[in-house]
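Notes follow once the structure below has been shown.
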Amino acid sequence: MRQLNQRVVLERLRTGGPATRPRIATDTGLSKPTVGQALLDLEQDGLVRTAGRSIAGQGRAAVVYEVNPSAGHVLAIDIGRRHIRFAVADLAGEVVARLDERNRARSARALVRMVREGADRAVAAAGLTHADVVSTVVGSPGVPDPRAKALHQAPNLPGWERKGLLSELEAELGPGLIVENDANLIALGEHEAGAARGVDVFVCVLIGTGVGMGIVVNGSLFRGAHGAAGEIGYLPYGWPAHGMPDASYVAPPQGMLEAAAGADAVVRSAVEHGLTQVRTAKDVFDLARDGDAAAKQAVWEEAARLAFLVSSVVAVVDPELVVLGGGVGTSTDLLVGPLQEALARTTPLTPTIVAGHLGEDAVLTGAITIGLRHAREMVVDRRRARA
């Protein structure tokens, strides 16, 4: 009962903010002596701290208590094809260290090593040790398979789909590691602190090297029966125009939506229109902003492909909002107009389409969100185990 009371008091401080002992007693229904004992225990364990005094009317000033944000920390890691990003946050969600690195790994083994070394540097930059990290969350392309300890559907990272990979990451980063799909984390990040705050049903479409989607329904992440909800890169695209394919027909790789609508597709469209000097989708969008007609045509074609994606999703999920993210998705100043025009010719279901607000921080924000949920439960037990 004593530990239960402590958890009730701690949760009140987490959700309601700093408060005096009488205020906590009123809000929780516990007696003042019970709250006082719980606060004493929590303060001794380093889980709460005093935050000054409050004077309300006549009488002595009452001590104000708050959660101690430095009682534990979360390590968030975003693994992408081109960059690996790290963030360390305290229990209040405040980022205390941040590190970005180029992904130069050419094998899964080398990438695991880079992740471990970057994690060490990020934790050290925060003035901490790994013992201070209560929860570690990794965002990565692919669908985590806890049984096989593997990631499926992660072709853009060499060797990343091999069996046992998750065990290797856990051996390097510590037990209790959480690995989540990057598009899912972007959706959580935008829901927590970005474009989708207060929206209960929305999708976050990630368009970059690959194509993915995070789905939030009734305020919670929807993963599907096997964790593959949102793997829209595998939607068939460009089926034969006349007749149905027979049983022997296999859709070519370029027939999948990821190959048709990812960043490389924007470059291919631009090259087909004579812009042979472009190397990245950013080059194409920059030229389009400068008024280049060929680049604008390539952008319009990308918008038409994305209209196919959005109309397919809207017909099934009926989201209130579509948030665009990733390197291509952030160019909404060029994409939204032609995308909405293409959608109007495709479907009567037209949700609001917006750019994500978090940019390159989106995956890390989602990872911190998940990490805090676990850390706030685990930190009590870990602190007491040390005592």
Side-chain angles (χ1 to χ4, degrees), residues 69-142 144 151 154 156-160 165-166 168-186 188-190 192-194 206 208-210 282 325-327 330 356-375 378-379:
S70 63
H73 291 80
V74 169
L75 172 61
I77 305 174
D78 172 13
I79 300 175
R81 178 178 172 182
R82 293 186 173 87
H83 294 91
I84 309 173
R85 298 184 170 94
F86 305 84
V88 180
D90 63 22
L91 293 182
E94 186 74 23
V95 174
V96 296
R98 173 69 191 272
L99 176 67
D100 291 12
E101 296 187 344
R102 291 283 297 179
N103 183 356
R104 298 181 177 86
R106 294 295 177 264
S107 68
R109 189 177 302 278
L111 183 50
V112 170
R113 185 169 59 252
M114 279 195 69
V115 168
R116 172 55 197 256
E117 292 171 353
D120 290 346
R121 286 192 290 273
V123 171
L128 306 170
T129 69
H130 280 281
D132 299 308
V133 176
V134 181
S135 180
T136 300
V137 181
V138 169
S140 168
L151 279 159
N156 293 318
L157 294 174
W160 210 236
L165 176 73
L166 299 187
E168 295 176 38
L169 280 172
E170 189 170 44
E172 294 293 338
L173 298 174
L177 174 68
I178 301 167
V179 179
E180 181 60 87
N181 173 265
D182 53 0
N184 285 347
L185 290 181
I186 290 175
L188 285 177
E190 293 290 349
E192 177 73 15
L206 176 64
T209 302
K282 183 180 182 301
T330 54
H357 290 176
L358 301 179
E360 65 183 26
D361 292 333
V363 173
L364 291 176
T365 302
I368 290 170
T369 299
I370 285 184
L372 288 176
R373 293 173 186 172
H374 288 79
M378 295 169 57
V379 70

TODO: State whether the side chain of Asn181 and the backbone N or O of Gly142 hold a donor-acceptor pair below 3.5 Å, judged by distance alone.
DONE: yes
- [ ] For the pair Asn103 (side chain) and Gly80 (backbone), establish whether a donor and an acceptor sit closer than 3.5 Å, ignoring hydrogens and angles.
- [x] yes
Open item on the list: Does His357, at its NE2 atom, have more than 12 non-hydrogen atoms belonging to other residues, nucleotides or ligands within less than 6.0 Å?
Closed with: yes
Task: For Pro158 against Arg106, the heavy-atom pair lying closest together - done: CB-O, 3.9 Å
Open item on the list: Could you measure the distance from the OG1 atom of Thr136 to the CD atom of Glu170? Nearest 0.5 Å is fine.
Closed with: 10.0 Å
TODO: Indicate yes or no: at least one non-hydrogen side-chain atom of Leu151 is less than 4.5 angstrom from one of Pro144.
DONE: yes
Open item on the list: Between Leu188 and Arg373, is there a side-chain heavy-atom distance shorter than 4.5 Å?
Closed with: yes
Open item on the list: I need the Ser140 OG to Asn184 CG distance, nearest 0.5 Å.
Closed with: 11.5 Å
Open item on the list: For Ala108 versus Gly159, what's the shortest heavy-atom pair and its separation?
Closed with: CB-O, 3.4 Å
Open item on the list: Could you tell me if His83 and Asp78 have a donor-acceptor pair between their side chains, going purely by distance under 3.5 Å?
Closed with: no
Open item on the list: Could you report the tightest heavy-atom contact between Val363 and Gly139, atom names first, then the distance?
Closed with: CG1-CA, 4.2 Å
Open item on the list: Side chains of Ile84 and Phe86, heavy atoms from C-beta outward: is any pair under 4.5 Å?
Closed with: yes
Task: Spacing of Leu111 atom CG and Glu168 atom CD [to the nearest 0.5 Å] - done: 10.5 Å
Open item on the list: For a quick test of reading the model, state the closest non-hydrogen atom pair linking Leu91 to Ala375 and the distance between them.
Closed with: CD2-CB, 3.9 Å
Open item on the list: Are Arg98 and Leu364 packed together at the side-chain level, in the sense that at least one heavy-atom pair is separated by less than 4.5 angstrom?
Closed with: yes
TODO: Take atom CD of Glu94 as the centre, draw a 6.0 Å sphere, and report whether it contains more than 12 heavy atoms from other residues, nucleotides or ligands.
DONE: no
Task: Within 6.0 angstrom of Arg121 CZ, more than 12 heavy atoms from elsewhere - done: yes
- [ ] Mind checking the CD-CZ spacing from Glu360 to Arg85? Nearest 0.5 Å is all I need.
- [x] 4.0 Å
Open item on the list: Distance check, rounded to the nearest 0.5 Å: Leu169 atom CG versus Ile79 atom CD1?
Closed with: 6.0 Å
TODO: Return yes if some donor-acceptor pair links the side-chain N/O of Glu190 with the main-chain N/O of Leu358 below 3.5 Å, else return no.
DONE: yes
- [ ] Over all heavy atoms of both residues, which pair between Val96 and Ala126 is shortest? Give the atoms and the distance, please.
- [x] CG2-CB, 3.8 Å
Task: Pairwise distance CD1(Ile368) to CG(Asp90) - rounded to 0.5 angstrom - done: 9.5 Å
Open item on the list: Does any part of the side chain of Val115, heavy atoms only, come nearer than 4.5 Å to the side chain of Glu172, both counted from C-beta?
Closed with: no
